[in-house]
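Read the structure below first, then the notes.
Everything numeric here is computed off the predicted structure, so don't read it as measured data.
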Amino acid sequence: MVNYQSKIKVQYYFGLLLFVCSVFLVGCKKDNDEGGPNFPSTSEKVIVCGRILNEWNSPIENAEVTLGSTTVLTDANGLYALNQVAIPADRGVIKVKKTGYISNYIGVSAEQGIQYINTILPAAQNSYFQNGSGGTITVNPSGCKLIFPPDAVVNEDGSPFSGQVLVQTDISDISDSLYRLKFPGSDRMAIDIQNSPQQFRTYSFAYIGLVTGASVPLKMAPGKTATIQLPIPSSQISAAPATTALCSFNEQTGLWVEETIATKNGNFYEATVSHFSFWGCGSLHSAAYLKGRVLDCNNNPIANTLVFFDIDNYEFTNNDGYFIKRVPGNLSFQVVVPPANSLGVFSQPFNIGPITPGQQYDMGDIVLQCPAYLSGMMQDCNGSGAAGWVDVNYGSQFGFTGIYSTTGSFTVPVKSNMNVTMRYVTPTKIVTSAASTPLPNVTANLGNISVCYIPDTANTITINGAGFVNETLTLDVTGSEAQYRQTGMTYLSLTGTTLQGKTVTIYAYFNGNSPGTYNCNSVQTNYIRVMVNDQVHSIFKSFSSETPTSSCDMQILTYGNEIGRLKAYLSGTLTTSAVNGSQPVTISGKMDLARLPDWRTSGLNALTANGDGFANQTISFDWCPATSFFGGYIAGNYKSATNETVLKYAGCMSSSNGGFGGTLKFNGNTPGVYSAPSDFYSTSFHIRKEFNGVTTKKYDELVSGTLTINSYPPPGGYITGTFSGIFKRTDPVTGQVYQVNVTNASISSWHYPDE
């Protein structure tokens, strides 16, 4: 018998399990087994929220969480939210990845409402062997072995590889309290040798990856095999059969695939394999279905609480407290609500007899004790509800509980009679405070919690010299941002208009990503450029710190996380080039900027252009090189005052020399279809491309078009969609009108803080 009471440590890693949900329908999974429940077959949109943690219960920041074509990044607290993302008819697969960690995969059913799923990304253990001679890798603490013959490994393209092979591993069995959250696929869906759907019940699994010392992927050579051993947990050794199924995990489908048989060898199952990813040993079973309901002491349903099934499976209840779970048929197992939710309410184990494959068994109600409750309202500067996370931290002994509120209002179940730390995490501000939880079944109202953030009113830059007298620049916060780049430098882009009507753009770099004073120098380690455009008098001037006579300082006061803020003082003397007379100008002032996501290396947007010199030209918009002064961002935000979402683009074209930029706007902040020009329009959409010299083609008018927004997550996620339309520009000299037809345009814009 598995001692579920001993698994109380799991609470540190599941956390946040009781969750305030919108309407949440039971029975949305679809399965191919005849006789099972009648699940809907149409595709659905899902809302999935959660937290990505490492093996030490620490949040992982900037992990990529991808479902379909939608990718969001976790914040500094490891939190993510996928909002109204479409998935295939019966199941979608979430991929979670972060450099330095092993990726994980989550099977998601077409539930309606908010689902909460936590995931562990383990860090790989690294071992080495020489490919020419082969080698044996022993992975501790399990003691299992990986045995490679000589010349077992080749490059990804099949060419020979010589030198040292880095073997990355993570090996786990059911005695590991993190086993459920580390297990890829999460819902245990598999196919057997006959390609029939099955339920995979496992003893242990392993991730095994082969790379070079520079982390370039390798693979097994054709015709070569390696021997692997997977541990048998001590509690299962006596009952473990002589042979068991060995399955690999298909990262594209999110299914486990039966490949061969593993043989028991002492405390391990052993087999030979011809490729590597995730491998697991266990038994395959035709699916049955178990239904039940979880209630509190007042017979009220407990929504989104965790239910454990058997030794390795779990599910969450819906808003009515019901669960329905695909479980192994013809097998006895236990069901329990564990103490993992930190509320101090859990059930005794229930023994479930074998269920006939394809059949559904209703186990009835599981009645728990009652938790206590904390309620309140997060409010913005206008006194309106502010969306965000509410964390209740009990300290390291008990873990934490939490919810995500889309309206600011929250009622979170908590462990009773404790002093706790409250943390309110919103896109613009994080607030912490102390609180005490009440008696069981009692609600304590914490009142209104202000998460108001007002940008610094001293967010101005003043310019003097070279004909400028106290030209004070008031920054446009929607056109100004800070971003950390892979080169180890932080890039600042500031745009605004002076009181005298001149447009000023400031570009700056400094070598670092922390508070401190950075001195400018001529070798471009830290430097500033200022461009002033006086459209009234047709004067353009550019000043830079990259000359011997220049000097400047950037004093970084605060350096926030993504969706946080960067505050800095800027001061110094810049000059024009020698060709333009080496005119000096002094700048001084303070800035308060939103932090964009850290630098990304792959393009997120693309379109096909026809007309006005374009002939079926596919243009992929990528982030610019680290040395480029183009903005290199693709981001948007919602302006509540005008009820419009502004998508801003500034970057480079990976398909040819040049770049692109501009703004697309639509009226609203939800998924849907927007038509031009009534509720979808463009301002200054321009493309730079080589046409017998660098020419900017700037389209100031959107003649017609359709914009489809597929997902609109909270700040910190990506607004995704597609658009097509006809853009128009007019030659300022000849008056001739040119049009370009844009089709197949994709949108993936990071959602930075709303205004």
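Counting only distance, with no hydrogens or angles, the side chain of Asn382 and the backbone of Ser384 share no donor-acceptor pair below 3.5 Å. The main-chain N or O of Val740 is never found under 3.5 Å from a side-chain atom of Asp612 such that the two would form a donor-acceptor pair. Of the possible donor and acceptor atoms, one in the side chain of Thr490 sits under 3.5 Å from a partner among the backbone N and O of Gly512. With Lys98 contributing its side chain and Glu61 its backbone, the two residues share a donor-acceptor pair below 3.5 Å. Of the possible polar contacts, one joining the Thr645 side chain to the Gly668 backbone as a donor-acceptor pair under 3.5 Å is found. Remark: the backbone N or O of Glu471 is not paired with any side-chain donor or acceptor of Thr462 at under 3.5 angstrom. In terms of modelled atom types and a separation under 3.5 Å, the side chain of Thr74 and the main chain of Asn62 share a donor-acceptor contact.
Here the CG-SG distance, from Asn526 to Cys552, works out to 8.0 Å after rounding to the nearest 0.5 Å. Taken to the nearest 0.5 Å, the CG atom of Asp679 stands 8.5 Å off from the CG atom of Leu707. The CD atom of Gln164 sits 10.5 Å away from the OG1 atom of Thr212 when rounded to the nearest 0.5 Å. For the atom pair NZ (Lys590) and CD1 (Ile461), the distance works out to 11.0 Å, reported to the nearest 0.5 Å. The distance from atom CG of Leu53 to atom OG1 of Thr119, rounded to the nearest 0.5 Å, is 8.5 Å. Taken from CE in Met591 to CG in Leu494, the straight-line distance is 4.5 Å, to the nearest 0.5 Å.
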Go through it in stages, so that I can follow the logic: the residues are Val703 and Phe727, the test is side chain to side chain contact (heavy atoms under 4.5 Å, CB included), and I'd like the CA-CA distance, side-chain angles, deciding distance and then a yes or no. CA-CA 6 Å; Val703 179; Phe727 295 90; over 6 Å; no
Check against side chain to side chain contact (heavy atoms under 4.5 Å, CB included), Glu644 and Val646: CA-CA 6 Å; Glu644 65 182 3; Val646 180; 4.2 Å; yes
Side chain to side chain donor-acceptor pair (under 3.5 Å) assessment of Glu64 paired with Thr66: CA-CA 6 Å; Glu64 293 187 13; Thr66 301; 4.8 Å; no
Working note: Met378 + Val390, criterion side chain to side chain contact (heavy atoms under 4.5 Å, CB included); need CA distance, chi angles, decisive distance, verdict. CA-CA 9 Å; Met378 294 179 289; Val390 180; 3.8 Å; yes
Pair Met554, Cys520 - check side chain to side chain contact (heavy atoms under 4.5 Å, CB included), show working. CA-CA 8 Å; Met554 287 176 276; Cys520 300; 4.2 Å; yes
Does Asp553 form a side chain to side chain donor-acceptor pair (under 3.5 Å) with Tyr569? I'd like the steps, not just the answer. CA-CA 8 Å; Asp553 290 330; Tyr569 284 113; over 6 Å; no
Can you check side chain to side chain donor-acceptor pair (under 3.5 Å) on Thr586 and Thr573, steps first, answer last? CA-CA 4 Å; Thr586 62; Thr573 300; 5.9 Å; no
Residues Asn470, Asn464; criterion side chain to side chain donor-acceptor pair (under 3.5 Å); working and verdict: CA-CA 5 Å; Asn470 289 328; Asn464 277 286; 3.1 Å; yes
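In this structure, Cys452 and Asp380 have side chains that are not in contact, with every pair of non-hydrogen atoms separated by 4.5 Å or more. Residues Tyr80 and Leu73 are not in side-chain contact: their nearest non-hydrogen atoms beyond the backbone lie 4.5 Å or more apart. Within the 4.5 Å cutoff, the side chain of Arg51 has heavy atoms near those of the Asp391 side chain. In this structure, the side chains of Ile506 and Leu570 come closer than 4.5 Å at one or more pairs of heavy atoms. Between Tyr101 and Thr99, every side-chain heavy-atom pair lies at or beyond the 4.5 Å cut-off. For the pair Phe543/Pro584, no side-chain contact is recorded, criterion being any heavy-atom separation below 4.5 Å from C-beta on. Residues Leu492 and Leu566 are in side-chain contact: their nearest non-hydrogen atoms beyond the backbone lie under 4.5 Å apart. With contacts defined as side-chain heavy-atom distances shorter than 4.5 Å, the pair Leu82/Ile94 qualifies.
If you check the side chains of Asn643 and Tyr638, you find a donor sitting under 3.5 Å from an acceptor.
The shortest non-hydrogen separation linking Ser542 to Met531 is OG-CG, 4.1 Å. Closest heavy-atom contact between Leu121 and Ser103: CD2-C, 4.2 Å. Nearest heavy atom pair, residue Leu218 against residue Glu156, reads O-OE1, 4.0 Å. Here the closest non-hydrogen pair linking Gly78 and Pro59 is N-CB, 3.5 Å. Nearest approach of Val96 to Ala63, heavy atoms of both residues: CG1-CB, 4.4 Å. The minimum heavy-atom distance between Val431 and Ser450, with the atom names listed, is CG2-O, 3.5 Å.
Between Tyr527 and Tyr509, the ring planes lie tilted relative to each other; the angle falls in the 30° to 60° range. Using bins of under 30°, 30° to 60° and over 60° for the plane-to-plane angle, the ring pair Tyr712/Phe666 lands in the perpendicular bin. Ring-plane geometry between Tyr559 and Phe510 is classed as perpendicular, the angle between the planes exceeding 60 degrees on a 0 to 90 degree scale with a lower cut at 30.
Checked against Val65 for a side-chain contact (heavy atoms from CB on, under 4.5 Å), the options Asn104, Thr70, Val72 give a single hit: Val72.
A cation-pi arrangement is found for Arg729 relative to Tyr738, the charged atom lying closer than 6.0 Å to the ring centre and inside a 45° cone about the ring normal.
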